[in-house]
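Below is one structure, written out as structure tokens, with a few remarks after it.
Hydrogens, waters and symmetry mates play no part in the numbers below; they use all other heavy atoms, side chains included. Both ligands and their constituent atoms are indexed starting at 1 by order of listing.
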Amino acid sequence: MKKTDEIIDIADNYLLHTYNRFGIVLERGEGVRLYDIEGKSYLDFAAGIAVYALGYGNERVNKAIKDQLDKLSHTSNLFYNEPSALASKAICEATGMDRVFFTNSGTEAIEGAIKTALKYSWNKEERDDYEIIAMNGSFHGRSMGSLSVTGNRHYREPFGPGIGHIKFAEYNDLDSVKALISEKTSAIILETLQGEGGIHVAHAAFIEGIRRLCDENGILMILDEIQCGMGRTGTMFAYERYGISPDIMTVAKAVGGGLPVGGFLMKESVAESSMVPGDHGSTYGGNPLCTAAIAAVLKEYKDKDIVSHVREIAPYLEKRLDEIKSRHDDITDRRGLGCMQGLEFNHPVGDIIKKCQDAGLILITAGANVIRLVPPLVIGKEDIDQMYQILDSCI
Ligand SMILES: *Cc1c(COP(=O)(O)O)cnc(C)c1O
């Protein structure tokens, strides 16, 4: 029996079947390449779902993690530790927010964002608002609060009514949002660029309009930048493009450089009227191991000017994808920003993705008909050319 089959056999016998996994056992990574346990190499345009922005094996990030591991990986939040202090400063400076709470995942960041909004509303005099407006087609995570604001019925409905008082509007349809605002609206939550739902870019008028609606009605604007943040769209955070800023925002995925982290951040005006000691906590959240990674990742972004690289390389990626689109009638759209792109087909794309894997290219989907391209942000033109060749021939 091949080693690959042995591993898959064990995993399929013991892991809970919540994923239809690809039949590849990954072992190590280097730059923009992954290697399976048989030694086969893959060009990676998925980056562990938009996580490995700096590519695999970034030396400085790895060193920061290893050094911290030898000192202390956990303290609990009953004490201070240096990496979380430094990471909190770095992430607040990078986002333009004033305060952060570190979590262990994206979905926990969403939970914290929702709790912050509800506490803020609960504290307001004369008003006790608890309704949240979310978007159809959105994805915010798998825990109960995040699931409750996720616009995909398939994910949500089997798990009951959720946290309640959530209303769904149409993404990029400001009137549909306006129609749902009531006296009881606490917050509006959305991804600045929808990822999982099929790579949908927000129109400027939509984002600006939501900011205006929030200001006029005393509603908090929560932006989920877990996937589209961290330079992926060509600005450090996607909302910068729209000249607005949210009241509360979430980060995760790329921020930990491969370690499981996230965070919810807010303006001081929100922080001072919401969360107080006792309102929220996490045993591991902000542990020195993960926050050492965050600090190192953010420093690497600065030193290597990752955002400028995205801005330089993205037009070439778009050009090549547009060429692929022009060569195949079954591709109905190419959309996205920066290094977060989607190719929409008029049929499911599972077979193409499988063929690409066999040919040494890793891609993922965003919904059944959309190929999602979220490569490491350090890709070069030659990587894009190789992706083009494999993808084009597999279609
Ligand atoms: C991945 C993702 C999440 C959930 O993050 P997890 O770390 O998987 O819990 C939430 N929002 C968006 C936009 C995401 O892409």
[Y]/[X] salt bridge by N-O under 4.0 Å criterion:
X    : Y    : result
E93  : K89  : yes
D129 : K124 : yes
D385 : K381 : no
R211 : D215 : yes
K71  : D67  : no

Is there a polar contact between ligand 1 and D224, counting only N or O atoms under 3.5 Å apart?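 So ligand 1 has an N or O lying under 3.5 Å from an N or O of D224.
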Report yes if G106 has an N/O atom closer than 3.5 Å to an N/O atom of ligand 1; otherwise report no. yes
Can you list the ligand 1 atoms lying under 4.0 Å from a non-hydrogen atom of [X]?
X    : answer
T107 : 4 (C), 5 (O), 6 (P), 9 (O)
E191 : 13 (C)
Q227 : 15 (O)

Any protein heavy atom sitting closer than 4.0 Å to atom 6 (P) of ligand 1?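 When distances to the protein are checked, atom 6 (P) of ligand 1 has a heavy atom within 4.0 Å.
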Check: Q227 and V374 side chains under 4.5 Å, non-hydrogen atoms: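 Of all side-chain heavy-atom pairs linking Q227 with V374, at least one is under 4.5 Å.
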Atom 14 (C) of ligand 1: which protein heavy atom is closest, and how many Å away?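 The protein heavy atom lying closest is K253 NZ, 2.9 Å.
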Non-hydrogen atom of E196 closer than 4.0 Å to ligand 1: no
